[in-house]
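Here is the naming used below: chain letters follow the sequence lines, and residue numbers restart at 1 for every chain. Just the heavy atoms: all of them, side chains too, but no hydrogens, waters or symmetry mates, feed the values below. From a predicted model like this one, the values you see are computed outputs, not experimental measurements.
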Number of protein chains: 2
Amino acid sequence: MPTCDVNLVDSEKVQKVRTAIADKDTLFRMAELFKALGDPNRVKIIWALATEELCVCDLSSAVGMTPSAASHQLRSLRNLKLVKFRRAGQMVYYSLDDKHIEMLLAQGLEHVQENRR
Amino acid sequence: MPTCDVNLVDSEKVQKVRTAIADKDTLFRMAELFKALGDPNRVKIIWALATEELCVCDLSSAVGMTPSAASHQLRSLRNLKLVKFRRAGQMVYYSLDDKHIEMLLAQGLEHVQENRR
DNA sequence: TGAATATATGTGCATATGTTCATATATCTT
DNA sequence: AAGATATATGAACATATGCACATATATTCA
């Protein structure tokens, strides 16, 4: 791999940083979590579910997606344990299953609002 | 677009959710922010810069990427105003330019640590 | 000025992602 | 049981993403 010629400008700093950074698996799972929030429609879905428990039908109507598309996204959110669900007859009601998500959303919103173009 | 036959199970809830959700542009920019955190290498980079101001060379060494790859990622982080930089001779030193990012990282880390597989 | 070094950028490519469409499954109603 | 409805899933497709590689730019130093 190409590196700088001195190889390192300040190897002490580099060493410090290396030990500070989390392990590979943790990094991967953090990225996985953020990636789940990295799509406007999923932000919408999560925001909707933060507001109200909803069945797939109402959810997809609220966020303007087809039930199929919503269902696909719900599956990945389910796999990440970000949403939970309960069946009630033909309907399946989804809601958030993670206390961090709402805080993340709130932080993200703050960031965006403080950096209006 | 395919919808449920009743069209809506609970249109009042749907209406409530619709008004609760942010506007399109805000949603897009929130997703954009989270997407920036949605890659293990970028989490690494941001974590590294949260620890220490670093030049591209030391940064890429610390996170195990080629300087080129790091530079590419730094560009997108720059475009999102998540990192700032200063030139010092041949080197360019990068650091975080957003107070929310560290909190987001911390939240994400917490989530991951509380959901160990 | 010219060589060397750090960083930036353009291009191409392999892979990942999100949606649509078709179809499957589950539940309710008659 | 059969039809209707809500949800889930599989496949295919267009687009986005991240990296390597080549090359450009900027700065230092001889």
Next on the checklist: Taking side-chain hydrogen bond (donor to acceptor under 3.5 Å, both in side chains) as the definition, give me every residue that meets it alongside T51(A), ordered by chain and number, with sequence neighbours left out.
Outcome noted: none
Just the atom pairs and distances: protein N or O near nucleotides 25-30 of chain D's N or O, under 3.5 Å.
none

Checklist entry - With sequence neighbours excluded, what pairs up with S71(A) under the side-chain contact (heavy atoms from CB on, under 4.5 Å) test? => result none
Checklist entry - How would you list, by chain and number, every residue that makes a side-chain contact (heavy atoms from CB on, under 4.5 Å) with E52(B), sequence neighbours excluded? => result K13(A), K16(A), V17(A), L54(B)
Item to check | Sequence neighbours excluded, every pair satisfying ring-ring contact (aromatic ring centres under 6.0 Å, His included) that has a member inside residues 51-90 of chain B | outcome: F85(B)-Y94(B)
Checklist entry - Atom CG of L77(A) and atom C1' of dT17(C): how far apart are they, to the nearest Å? => result 14 Å
Side chain of [X] - closest among [options]:
| X | options | answer |
| --- | --- | --- |
| S71(B) | dA8(C), dT19(C), dG18(D) | dA8(C) |
| V56(A) | dA8(D), dG18(D), dA6(C) | dA8(D) |
| R75(B) | dT9(C), dC19(D), dA8(C) | dT9(C) |

Next on the checklist: Using the rule that Ile, Leu, Val, Met, Phe, Trp and Tyr join whenever any side-chain heavy atoms are under 4.5 Å apart, tell me whether M103(B) and L105(A) fall into a single cluster.
Outcome noted: no
[X] side chain N/O closer than 4.0 Å to the phosphate oxygens (OP1, OP2) of [N]?
| X | N | result |
| --- | --- | --- |
| T66(A) | dT20(C) | yes |
| Y94(B) | dA8(C) | yes |
| R78(A) | dT9(D) | yes |
| S68(B) | dA20(D) | no |

Next on the checklist: Give the residues of residues 40-50 of chain A touching DNA chain C, defined as any heavy atom closer than 4.0 Å, sorted by residue number.
Outcome noted: N41(A), R42(A)
Checklist entry - For the helix from dT1(C)-dA30(D) to dT30(C)-dA1(D), what is the angle between the axes at its two ends, each from 5 pairs, rounded to 10°? => result 20°
Checklist entry - If every non-hydrogen atom of C55(B) is compared with every non-hydrogen atom of M91(B), which pair is closest and at what distance? => result CB-CG, 3.8 Å
Item to check | salt bridge (Lys or Arg N to Asp or Glu O under 4.0 Å) contacts in which one or both residues fall within residues 97-115 of chain B, not counting sequence neighbours | outcome: K99(A)-E114(B), E114(A)-K99(B)
Checklist outcome for this item: So the salt bridge (Lys or Arg N to Asp or Glu O under 4.0 Å) pairs with at least one residue in residues 64-91 of chain A (sequence neighbours excluded) are E53(A)-R86(A)
Checklist entry - Could you give the distance from CG (L109(B)) to NE2 (H100(A)), rounded to the nearest 0.5 Å? => result 9.5 Å
Next on the checklist: By the 4.0 Å heavy-atom rule, please label F85(B) as base, sugar-phosphate, or nothing.
Outcome noted: nothing
Checklist outcome for this item: The answer to which of K35(A) and H72(A) contacts DNA chain C further toward the 5' end, by nearest nucleotide, is K35(A)
Side chains of residues 36-46 of chain A: which donor-acceptor partners sit under 3.5 Å, not counting sequence neighbours?
{"from": "D39(A)", "atom 1": "OD2", "to": "N41(A)", "atom 2": "N", "distance (Å)": "3.0"}
{"from": "D39(A)", "atom 1": "OD2", "to": "R42(A)", "atom 2": "N", "distance (Å)": "3.1"}
{"from": "R42(A)", "atom 1": "NE", "to": "A36(A)", "atom 2": "O", "distance (Å)": "2.8"}
{"from": "R42(A)", "atom 1": "NH1", "to": "Q73(A)", "atom 2": "OE1", "distance (Å)": "3.0"}
{"from": "R42(A)", "atom 1": "NH2", "to": "K35(A)", "atom 2": "O", "distance (Å)": "3.1"}
{"from": "K44(A)", "atom 1": "NZ", "to": "V63(A)", "atom 2": "O", "distance (Å)": "3.1"}

Checklist entry - Can you name the ring-ring contact (aromatic ring centres under 6.0 Å, His included) partners of F34(B), sequence neighbours left out? => result none
Next on the checklist: If you assign each of S76(B) and L74(A) to its closest nucleotide in DNA chain D, which residue comes earlier from the 5' end?
Outcome noted: L74(A)
